[in-house]
Every structure is written in structure tokens, then in C-alpha cells.
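Letters A, B, ... are given to chains in the order of the sequence lines, protein chains preceding strands, and every chain is numbered from 1. A quick note: this is a predicted structure, and the numbers were derived from the prediction, not measured.
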Amino acid sequence: MNNPPDVSPDPAEHEEYAHNVAKHVKGYLIVGAILLAGTALTVALSYVDFGNSKTNIAVAMLVAAIKVSFVGAIFMHLAAEKRLIYRVLIFTGVFVCALFWLTYLAWYNPIVRH
Amino acid sequence: MDSSTSLETHHDTHHRAAAHEEHKLGWWRTYIFSTDHKMIGIQYGLCGLIFLFFGFSLMMLMRWQLAFPGQALPVIGNALGHLFGPGSMPDGKMTPEFYNSLGAMHGTIMIFLGIVPVAFAAFGNFVVPLQIGAPDMTFPKINAASFWAFGVGGVIMLTSFFVPGGAAKGGWTSYAPLSVVADTGPTFHPFWNGQTLWLFGFVFLITSSLLGAINFITTIIQLRAKGLTWMRLPFFVWTQFVTAFLLVLAFPPLEAAIIMQIMDRVAATSFFMPTGMIVNGAPLHISGGGSPLLWQHLFWFLGHPEVYVLILPAMGITAEILANNSRKPLWGYKSLVFSVLVLGFLSFIVWAHHMWLTGMGSTVSAFFQTTTLLISIPSVIILSAFFISLWGGSIRFNVPMLFATAFLPMFGIGGLTGIPLAFNSADLYLHDTYYVIAHFHYIVAPGTIFALFAGIYYWFPKATGRMMNEFWGKVHFWPSLICMNVIFLPMFLQGMLGMHRRWYDGGQGWNVAGETVWGQTGFQWNTWISSAAWIMGLAQIPFIINFFWSIRHGKKAKENPWDATTLEWTAPSPPPHGNFLSAPVAYRGPYEYSLPGRDVDFTMQSEPIQPTEHVRRTEPEPEPVHA
Amino acid sequence: MFSLALINEFLGQPPNASEHGYQIDHILEFCHWFMGALFVGWSAYFIYVLIRFRKRRHPTADYHGVKSGISTHLEFSVVLIEAVLLIGFAIPLWAKRVNQFPETKDAILVHAIGQQFNWNFHLPGPDGQFGRRDVHLVTNSNPLGLDYNDPASKDDIVTMNELHVPVNRPVIIELSSKDVIHNFALVHMRIAQDAIPGSLIPMWFKPIKTGTYEIICGQLCGLGHYGMKGTLVVDSPADYQAWLKERAELSGTQAAAPAAPKTANPSGQPEGKPGEPAQSPSPSGL
Amino acid sequence: MEIPYTVNTRPDTGLWNAKVGIWLFLASEVMLFGGLFSAYIFLRLDAEPGMWPHGLLNVPVGTMNTAILIASSVTVVLAWASLKMRRFWAYWWYMLITILCGITFLTVKLVYEWPQKFDHFGAFIKQEALEKYEPYLGNHHLEEKGLAPRREITGHLHNKAALSDPNIKEYDIALDPVNADPTNPANDRPHFLYQPSTDKIAKIEKEDVEYASMFEPRHSAYFASYFTITGLHGLHVLGGVIVFTYFWLPIGSKLYKRNPEHLANRVEVVGLFWHFVDLVWIFVFPLFYLL
Ligand code: HEA
Ligand code: HEA
Ligand code: CUA
Ligand SMILES: [Cu+2]
């Protein structure tokens, strides 16, 4: 490739568009930094003794959940997405939870003889 | 509708020209590697029907063994023994391994290579874009990829019959640990064995379904014609929409389970194997620590929604044909739509009703019993609405209608017998007996298969431009109806006697099968059932001949041979690439039959509302367009 | 309840032989009557409609169709009946099955261990103690891996495919499996549970009729699944004592060997031997 | 008629086709990984004490890989933003970095992390022999502190032949620091840095071993899950890299010339997929490396 491909964006409309996106770039960098910090935090917290391993897991999952919500909200634009996509994701979320929760229940309610 | 929903894009002129070029596609691109939804639908349909017939043939073989256990199969027995290799049918006598292979593959093929491809992929591909007035699926290439993934999966499944040891033997449910220890050992190849191939085949089938389903949903959301609001969608489109969601969300957990089972078989992990197993008299050299029930949970998390995948499209087809041939609107359209949505939602949280006897305590089983009974309510509503729709109609009994009407009571019997299964204390008695076999076959065989036949007869003219023969259609219908019932009704009796499924000897060695009911012993009923199954095989011949003959020689069909109302009937028969000559617009609901004050008894969706028209109160409000 | 029972008998259900069995049968009967009513009602309607509204009889369709709310009532009654069956019968019944096991001292306690394709039974013997079992001790003559060095195992009774229990006493069976999943189904006792490797699932029933019954393996477990049959003998108390005595003598003399299987079932040669000739398609009866 | 809304949005949904498609695909991916994670969790909760290995993974390397993936997530979103602003070369560079990050991630995994495990050995001691190996296990010490017991002895296997040769009756293991000095409180919790095996050799009789294997998938439910989930995740990374490369090659610039918005849309779609892969890793990392 020699020269950058020549493009002529639609004048007025695109100006505004590009401007909008440019505004976000800084945000993306900040989120990247937060995520890195979060990673460091996870590692650090895993060496803190919270009493038992269940609590440790819960804490680590909490940090992970926060990180994930940043990725989702900012990188994947879920902070401002169309309604349709929210609906799809809400259903998915419900069913994943059902999978986890009900399997868990079934697992821990076996027939036992007293 | 405001003008912004217009289909026009600024590229339009350019693309028109491109579309023209595409007409000159070569034979391969048109018929084999096509990306046109109609051709893909037809490909799916043909392959699916062939698999359906193949799955049925496996069962006809098994029915010999069940009726005459241990006797050599006459005429073709020896040849089959050679075809399927040693260990299958030496001297024409079926071995238990081969019986188990046939059973597992019958279930797998019927469901995943027969019904799903025909009911969902074929009809969905062919009909849905036409019914919503779209030029094609949103992602034509992915659509083709979906078909080819299906093809690869099918070929792998078929190949597995011919590897040493034969095809998978663990039932279509492939319960671990049986499925993990099956087909292993010195006489089996570590990779080329039935069970491992079954797993790999499945990965492709799942991929195929996922790609297809994503495409369907996107198409229905994005490509509906102008004016075709959600509440104006034909019911068939709704059922496909919900079905696609079931596939997208329920298949992946099974895929996860399949991957784990592959690991268990190929990499010697023990996801599904507990510690301390003794197989063949020797402790297994595995790390253990896994759980057999994990497989069942993940399997049925798909397995139950899957059965609604088998029935919803059938309900959709039936709805179209009932409305068309009773010449009146479907009764309770809104409640139908609502019921389908509820059905889809609930189907995700009932799966453990297949696992009542796995040691489930009282809390969890109470939960799953409740949800299972709840899910029967929308089914009741749908079926009732169909029945009520007939009242006041002017019913034409053409072949599609015959099959569609037969669907109703057949599904009814199958559904009703699901009710005792839903109570774990009653299922305690019925679990894994022929009662269960009868329950679900009534739904999928005389139920779904009849709906598929109805759909084939109904949309055949759209796909080919020719009608299928009515007379031979009736010759197909009546014997099929009778045989189906002679096959499956006695199975309820066998189940009540206590005869269990997957019995290679048909119950011959069991006392419970020696008891008499309705004048025959449980075992003797097998002869009736098997004979009916073979006669039904014969009854399919008129259909097969009719089908292929009519493609070339059937009576020429007009655009709208059934005087139907939905958008697919405004396109030419067969529709060209791009489907419609001009973008269709919908002005009204899908089933405006016998609208008062008209001189014809059908009013197409694309017909604008006349100023003089007395607008029906029940006509659903058009949905507001939200940005 | 006698009249209700007819429908199950009509459909071929064999007579019940356990104390709780009639409750299982009742719920099945209710279901069948309920289904029958719906079926007959709708069928009558259906046939009527197909005849009454066929094109020749009724050339123009009525755009509006049914206006009454009858279907709502119908659906509501379906919900109601299902709710009654569920809350009134099914849930309490299951709770009784799995939460209220009889006291061990009143009951016969048996371990049933499935294997391809036999049922092994382990009874504690007079001392009421189960001997230790260990997978590493499993041999052909010691299919359960019973540790004969354990004092508790000295008087234990191990049988294959044959289980004796006395009539009118609760029997608790704890199920497990050596290899794959089996299902311990007693059709006449109206009871069944899975036998799953790695877990121990208890079930119980109280036989009220003496006799000989089949034990069915209800879960596909390999090529011999169809022949995995056991025999349940419900003895009178005297016969049971006699049987116990006979067994006790046997286990005294052959300390290290279990009682020989009485039935000639295909002895477990499971998956992995495809070349092996098939067993006789009908395993000999009792 | 041609397929509408491939580039511009449908007014009532506000979306173009591929955006709907990718989100549905991601929904299915959520269910896929959901299935795997639920399996992982239940196997773990069900595991008997001492059967779930701890602290065997290399935390710094894992942390580094996590950082690499996060960085690539940032660059891909910047690449997309550059396209939106019609700055092709910026896009090109960001994309290149993304691809390199992906490749680095995979390389670390395949060349370093996995082989390092295959080289490690562990033997689970039978319940009745635990006492005999107390010097390597330190269970009395653990019990005192109320910690979960150990049942496994790990390290570098000196006589590899022992794995297959039934005539060799024992395993010679160069012990890991944990087993070399089991009562040292520093060994109570997982190590942060990878520590090579000591030169202290233990002889373990096969008689006393319940189950032994290299750190392969078959070693335990833990490694089975680890290899399955990271393997599947790796395949996703590979897929992402391939598609990115496709758009980065001249094909991308051609499309850019023809219809820049279309390229931006495509990059957005693959970017969404990439973020999802990143998101899965955010859970994988603590679950497998740290806890
Ligand atoms: C398309 C397939 C399909 C459908 C729709 C259903 C529908 C239902 N199924 Fe079925 N089922 C299967 C396919 C299906 N099933 C399969 C394949 C298996 C076995 C899998 C295996 O183990 O291999 C199975 C097994 C199965 C079991 C497990 C049994 C066991 O293994 O022991 C249970 C238990 O609850 C159950 C319940 C139900 C219920 C409550 C419904 C309800 O949704 C039904 C609701 C419908 C109605 C209530 C009908 C209403 C009718 C009327 C109101 C009018 C009637 C009128 C006339 C007859 C004229 N099914
Ligand atoms: C969709 C699913 C489906 C369908 C349609 C069928 C259809 C049939 N099934 Fe099957 N069956 C299963 C799914 C299905 N089955 C499953 C899941 C099992 C359990 C497996 C297991 O235990 O694991 C099972 C098990 C099963 C058993 C029990 C075996 C055992 O437990 O040992 C029996 C016994 O009779 C049986 C019989 C039949 C019969 C006679 C039909 C007939 O109704 C078939 C009728 C078929 C046709 C009429 C096809 C016609 C097709 C054409 C005419 C195509 C023409 C072609 C062109 C035009 C190109 N089935
Ligand atoms: Cu054991 Cu079937
Ligand atoms: Cu179900």
C-alpha cells in the first residue's frame, strides 16, 4: 500500500459524527487503564485471606463483574444501545441464571435418608 | 407507517443491475452452492426428507427384531449384515449392539437430521422471507454455511455406521458414563468409532442450527415489509421466531456438554465420571471427580426446548392451513402469539422432568412439576384456539387440510399423555416405559410429520409452480393415519403393563410382557405394531412418487392457487431471485378470509384498505414505529 | 375408589403389591379420567364441526366465528384440575416418598448395586452392620469388593439378581452402581429409582402381597440391558427366616465367595467386546 | 429486490443487520461459556477435600496475558473509532497492534504455559497411605490451622518410564517447594511466582497412589476444566485474529474506498466479538489462576 486511500466523507453530517466518536476516545483509554488496574487488584486480593475460599471467590467474582461491566458498557457500547439488544441480553441473562441456579438446586437437593 | 420504513436504499439502481448479473449463475451456484434462501430451503427439505425416510427405515428394521426376536430377517437380512459389517446382523439376525445403534441413530436422525431440518430449516428458509415480504435472508452466505455444516454433520453421522463397532449405541440421550465407556477398548479405534463420531457430527449440527437461527431472527426483525407490524405477522412466522430463539439459547449448553464428552473420550478426562468406577470387572484408570448428572442437566437443558423446536413450526404450518381452508380468520390470534411466547420462555425451566428418578429431592421436584404443568397451559390454549377456529368455517378438505386436521387430535393425544408424566409420582411408574415412547411419538410422528406433509402439499406450488396430485395425496393420507394409530396406540398399553423401552427382545423374556391386555399379550402387540409400521412404509410410496412426478408434470399452479391471503402468494410461482417484483406492503392482518362485504372470500395482506371498508374492530392496532 | 381403578386396569396395569402403590395408581387414574374427558369432549366437538361446517353444508364462512368465552372457562378448569392434582396429591406424595423414610430398626435395609448386567444385593446379616466394600478388592468371585477382614462383613449376605424380603415390613433399598446408570424398577411395587455410579440413592416401599416379582433395569446400560433382570421374592415371615438361615450357612462356609447367581442371566460382559456373539435374545425366565 | 439495511439502519429498530446478528451470536456464546462455567463450578463444589489443586499456575504470566488482552480490546475500539473518523492509517496501525496482541497471547499459551504443565507431575495418595507421606503433605500442620488437607504430591518426575512400565514400582519426584517444605507457613497459600521444583527427591510407591498423571487434562477435574475452557477460549482468540487480519489486509482498504461505513460496521461487529472474548478471560483468569 502506498498512499492512504482517499476518502471524501459526506461533508456536514459526517463532521458531526466524527466529532462524536472523537469525544469518546479518551474514555476508551481511561477504561483500558481501569481494567488494567482491576487486574492488578484481582491478583492482589487473591493473596488477602478473607477467611475462607468461598469469600475469596466471591470477592474475585465481584471485581471481575465490575471489570466486565466496563467492557460491556463502554467498549461494547451497551451504555447506549438500542432497546432490541437489551431485550435479547436480558433474556439471555435470565436463562444463564436459570441454568446456574436450577442446576445448583437440583444438585443440592438430593434424596437423603435421615 | 411513515415513509422512513421504506425499503429503498441509495444503492438501489446499482444493485438492480447486479441482481441481473446473478441470474446467469452457473448450475453449481444455482442448485448446489446457492445462497438463495429458496434454494437452501429446498435443499434442506430434500435432505431432511431423505434422512426422515432413512430414520424410518432403521426403525422398520428394529420393528422386525421387536416382533420376532432372534429370528433372521428374511430376504434382505443377509445383505444388510454384509453392508453394516460383522457384529451387525450375522446371518440376518440382529445383535443387541446393532439394535442399540439403530435405536440411538433413529432418535438422533429423526430429530436432528429429519424434523429440525425440514420443519425449521426448510420451511423457515423457504416460507419466512416470502411471508414477511423480504428479498432473502439477512445473511445469505451464512445461510449457505448453515446448510453445509448440516451436510457435514449428516455425513459424519452416516459414516459412523461403517466404522468398526458401528454407530453410537447409547441412545439419543447419550447418557454418561455409558456413552463415555462405550465404543472404547482394544477393538475400537480411538477416534473412528461410533460414539466419538456422533459427538463430532453433533458439533456440526449445532453449528448449523445456530447459524440458521441467528439468521432467522435477524431476518424477522430487520426485513419485515413495510406495514408488516408484529401483530400482522402470520402465525407461522411467530412460531419460527420463537423456535429460533430456543435454538440460539438452548443449544450452546449442549455444545458445552458435547465438548466435555469429547474430552472425556479423547483426552481421558472425567467430567462425567465419578471416582471408583469398575468397568469390565476392573477399576477404570481415570482421575474421577466428575458427575454423571452434569451431563443429564446440560443435555435436557437443550433436550426439552428441543421438543418444542419439533412442535412449534408444526403448529405454525397447521395454523396457516387451517385458516386457509376453513376460509375464516384464526380464532384468538393475540392469545396464540402470547401462548407461543410463554411456551418458549417456560420451556427453558422444565428440563428436569426428564430426570424425576435421578434422586431428586422434594423441593426441586416440586418446582419442576409446577413449571411442567404450567407449560401445558399455553399448549392447551393453542390447541383450543385451533379447534375453535373451525367453528363457523366453510371447510375444504383438500390434502393439506386433511393432514392439518389430523394433526390436531394426534397432537392432542400426545400432549394429554404428557400430563401423567409431569407428575413425578405417576412418572415413577411410567418412566422409560413404552408409555413415554407413545407419548412423544404421537406428538412428533402423526403430529409433526403430518404437519410437515400438510406444509409440503400446501407450499409445493409456490416452490415449483406446480400442484401435487390430490388423489394420490389422499391415498397417502388415509393409510398413514390409520397405520400411525395402530403403531402408537398399543404402546400405551405396553407401557401400562410395565414394558420398558430399549428392550432388544421386545419383552419376550419378561413376565410383564406376557400379561394380556385387550386380548393380546404385551409381546403379541409388537406384531401388530410392526406390521402397521411396514404397511405405513408402503403408504409413503404414493407420496414419494407424487412428489417427484409433480415437480415436472404436476398441474400448473397460479400465483395464488389456494386463494390465500399472506404475502408469499403475491410473488410469482416459483419466485425469482429477490422474490418480489416490487417491494410488497402489508395493509392488514394475515387472515382476512370471508371479510364481510367482499365478493371474494379472501383479502390479501397487500390489498390497501378501501375507504368504504368497514374496519374490523378486532384488527390489531399497528405498532408505533420507535426509533 | 374401586370404580376409578378400572381405567388403569382397562389399560393393562398389573395389580399393585405395595402399601403406598394405590396412591400412585390413584394419581394415574385421575390423570387418565381427566385426559379421557378432555379427549372425548374435544373429539365429539371436532367431529361435529368437521361435518357441520364442511363446505358443502356451509358454503360461506362466518368471519367472526365463536364469540363466547367458553374456551376461557375450559382453560381455567384445566388449570384448576392440574393445580389440585399437583398440590393435593403429587407434591405431598413425593415428599412422603423421599423425606419420610421408615425407621431403620423396623425396616429391612438392603444395598443394591447395579453392574452391567446384574443386580448385586448386599444385606448386613444378623449384626445389622454392612461390611466395608472397596473397589480395589473387586474380583469375579467378589463382585462387590467386600472386605472379609472387616468383622462386620463376616455375616453379610451377598446375592446376585435375587432379593428376598418379608411381607408387611418396610424395605429400604440404597441404590448405587459400579459402572453406568441403571434403573431399579419394581413395576408391581410402584417404585423405581436410578442407580447412579458415585451416588447413593435411597428408596423404600412396603410389600403387602407375597409372591415373586420381576426387577427391571429401566435405564439403557449397554448391550445386555434388555436382559438385566432380577427377582424380588416377597416371603411370608417364616419363609424369610428360613431363607436367611440358608444364606447365613452359605456365607459361613464360603466365606470369600458370594452365593452363586440363581438366575442364568447374561453375566456382565459389557461394552468393549463387540465381536462377542449375542446372548440368546430371550434370557431364560425365572 | 436487494437485501436492505446492510449498512444503514432500519428506522424502527435503529440497527443494521449485522449488529443484530452479532449480538444474537454473542447471546449464544454467553450460553456456551455459561454451560462450561456452571460445569466448572459444580465439579469444584463437589470435589472432595484435597482434590482440587491450588496455586499451580504461573500468576505473573497469566497477569501479563490478561493485560495483553485488555490492551488489544482498547486498540480494537480505537481502530473502530479511527474508521468512524475516517483516519485510515490510524485504523491500520491499531489493527496491527490488536493482531499482534492476539498472536502474543496465543504464543504465550501454546509455547510457554501449556508445555510447562505437561512437564509437571502429580500423584494423589490413597486415603490409607496419607500418614506415610505426612512429611511431604504436612496435613497435621494444615489441620491445626483449619486449612483443607493435601492429598497430592507434585513435582518433576525423574523416572518418566514409571508412567507406562508396570515393572517400575515407584515414582521418583523432584518435589515442588510446597511438598518439599509442607509445614512452612509460606506454603499455606498459593505462590505468586512460579517456583521451580527443588532437588529434594521423594520416592512414592505406586501401591500407595490412587491416581497419578502429568498435568494433562486427564490429571484432575481441575485441569480438565482448565484445558477445555482455555482451549476453547484460545480458539476464539484465533478466530478473532484471522478475521482481523482479513480486514487489515488490502481487502480492508478496498472496502474502505468503496464504502468506509461498511468497513467500520464490520470492524465494529468483529470488535464486539473480541470484547466478548476478553470478557470471558476476565472470568477465566481469577477462577483458574488465583483461586
Ligand atoms: C414435540 C415433542 C414434545 C412435546 C410437545 C411434549 C410435550 C409435553 N411433554 Fe414430552 N417428551 C417428548 C417430546 C415432547 N413432549 C420426548 C421426545 C420425550 C422423551 C425423551 C426421551 O426420554 O427419550 C418426552 C418425555 C416427557 C417426559 C419425561 C418422561 C419420562 O422420561 O419419564 C415428561 C414428564 O414430564 C413429558 C411431559 C410433557 C408435557 C407435560 C408436555 C406438554 O407440553 C403437553 C401439553 C399439551 C396438552 C396438555 C394437550 C392439550 C390437548 C387438548 C386440550 C385437547 C385434546 C383434544 C383431543 C385429543 C381431540 N414429556
Ligand atoms: C422426531 C422424532 C421421531 C420420529 C418422527 C419418529 C418416528 C417413528 N418412531 Fe421413533 N423415536 C424417536 C424419535 C422419533 N421417532 C426417539 C427420540 C426415540 C428414542 C430413541 C432412544 O431410545 O434413544 C425413538 C424410539 C422409537 C422406538 C422405541 C425403540 C426402543 O426403545 O427400543 C420405536 C419403536 O417402535 C419407534 C418407532 C417409530 C416409528 C414407527 C416411527 C414412524 O412414525 C416413522 C414415520 C416416518 C415417516 C412416515 C417418514 C416418511 C418420510 C418420507 C415419506 C420421506 C419421503 C422422502 C422424499 C420425498 C425424498 N421409535
Ligand atoms: Cu442396567 Cu439397563
Ligand atoms: Cu420435556
What part of A/Leu35 gets closer than 4.5 Å to chain D, counting heavy atoms only: side chain, backbone, both or neither?
both
Mark yes when over 12 heavy atoms from residues, nucleotides or ligands other than A/Phe100 sit less than 6.0 Å from its CZ; otherwise mark no.
yes
Okay, A/Leu78 and chain D: the region with an atom under 4.5 Å from a heavy atom over there is side chain
Heavy-atom closest pair, residues D/Phe283 and A/Val68
CE1-CG2, 3.6 Å
Which distance, rounded to the nearest 0.5 Å, do you find between the OG1 of D/Thr9 and the NZ of A/Lys82?
7.5 Å
Counting heavy atoms not belonging to D/Lys145, are there more than 12 under 6.0 Å from its NZ?
yes
Side chain / backbone / both / neither for D/Ser73 at chain A, heavy atoms under 4.5 Å:
both
If one checks every heavy atom of D/Leu26 against chain A at 4.5 Å, the contacting part turns out to be side chain
Name the residue from A/Val59, A/Thr42, A/Thr39 that meets the side chain to side chain contact (heavy atoms under 4.5 Å, CB included) definition with D/Pro286.
A/Thr42
Mind running side-chain contact (heavy atoms from CB on, under 4.5 Å) on A/Met76 and D/Leu279 for me, showing each step along the way?
CA-CA 11 Å; A/Met76 300 171 92; D/Leu279 193 146; 4.0 Å; yes
Just how far is it from atom CE of A/Met61 to atom CG of D/Leu287, taken to the nearest 0.5 Å?
3.5 Å
What closest approach, in Å, do A/Val96 and D/Met31 show between heavy atoms, and which atom pair accounts for it?
CG2-SD, 3.3 Å
Other residues, nucleotides and ligands only: do more than 12 of their heavy atoms fall within 6.0 Å of CZ on D/Phe42?
yes
Against chain D, work out which of A/Leu29, A/Ile74, A/Leu36 has the most heavy-atom pairs shorter than 4.5 Å and name it.
A/Leu36
Any chance you could measure A/Arg83, atom CZ, to D/Asp12, atom CG, to the nearest 0.5 Å?
10.5 Å
What part of D/Val76 gets closer than 4.5 Å to chain A, counting heavy atoms only: side chain, backbone, both or neither?
neither
Could you state the interatomic distance from CD1 (D/Ile70) to CZ (A/Phe75), rounded to the nearest 0.5 Å?
8.5 Å
Taking all atoms of both residues into account, what is the closest heavy-atom pair of A/Tyr28 and D/Trp80, and its distance?
OH-CZ3, 3.5 Å
Chain D: which of A/Val71, A/Val88, A/Ile85 shares the most heavy-atom pairs with it under 4.5 Å?
A/Ile85
Under a 4.5 Å heavy-atom cut-off, does chain A meet the side chain of D/Trp274, its backbone, both or neither?
neither
Would you indicate whether D/Tyr246, at its atom OH, is surrounded by more than 12 heavy atoms from other residues, nucleotides or ligands within a distance under 6.0 Å?
no
Test log, rule side-chain contact (heavy atoms from CB on, under 4.5 Å), inputs A/Glu81 and D/Lys19:
CA-CA 11 Å; A/Glu81 209 20 291; D/Lys19 187 89 168 257; 3.1 Å; yes
Using the rule given for side-chain contact (heavy atoms from CB on, under 4.5 Å), can you reason through D/Trp23 versus A/Leu84, listing the C-alpha separation, both sets of side-chain angles and the distance that settles it, and then say yes or no?
CA-CA 10 Å; D/Trp23 274 110; A/Leu84 180 86; over 6 Å; no
Under 4.5 Å from any heavy atom of chain D - which part of A/Leu99
side chain
Kindly compute the distance separating CE (D/Met85) from NE2 (A/His24), expressed to the nearest 0.5 Å.
11.5 Å
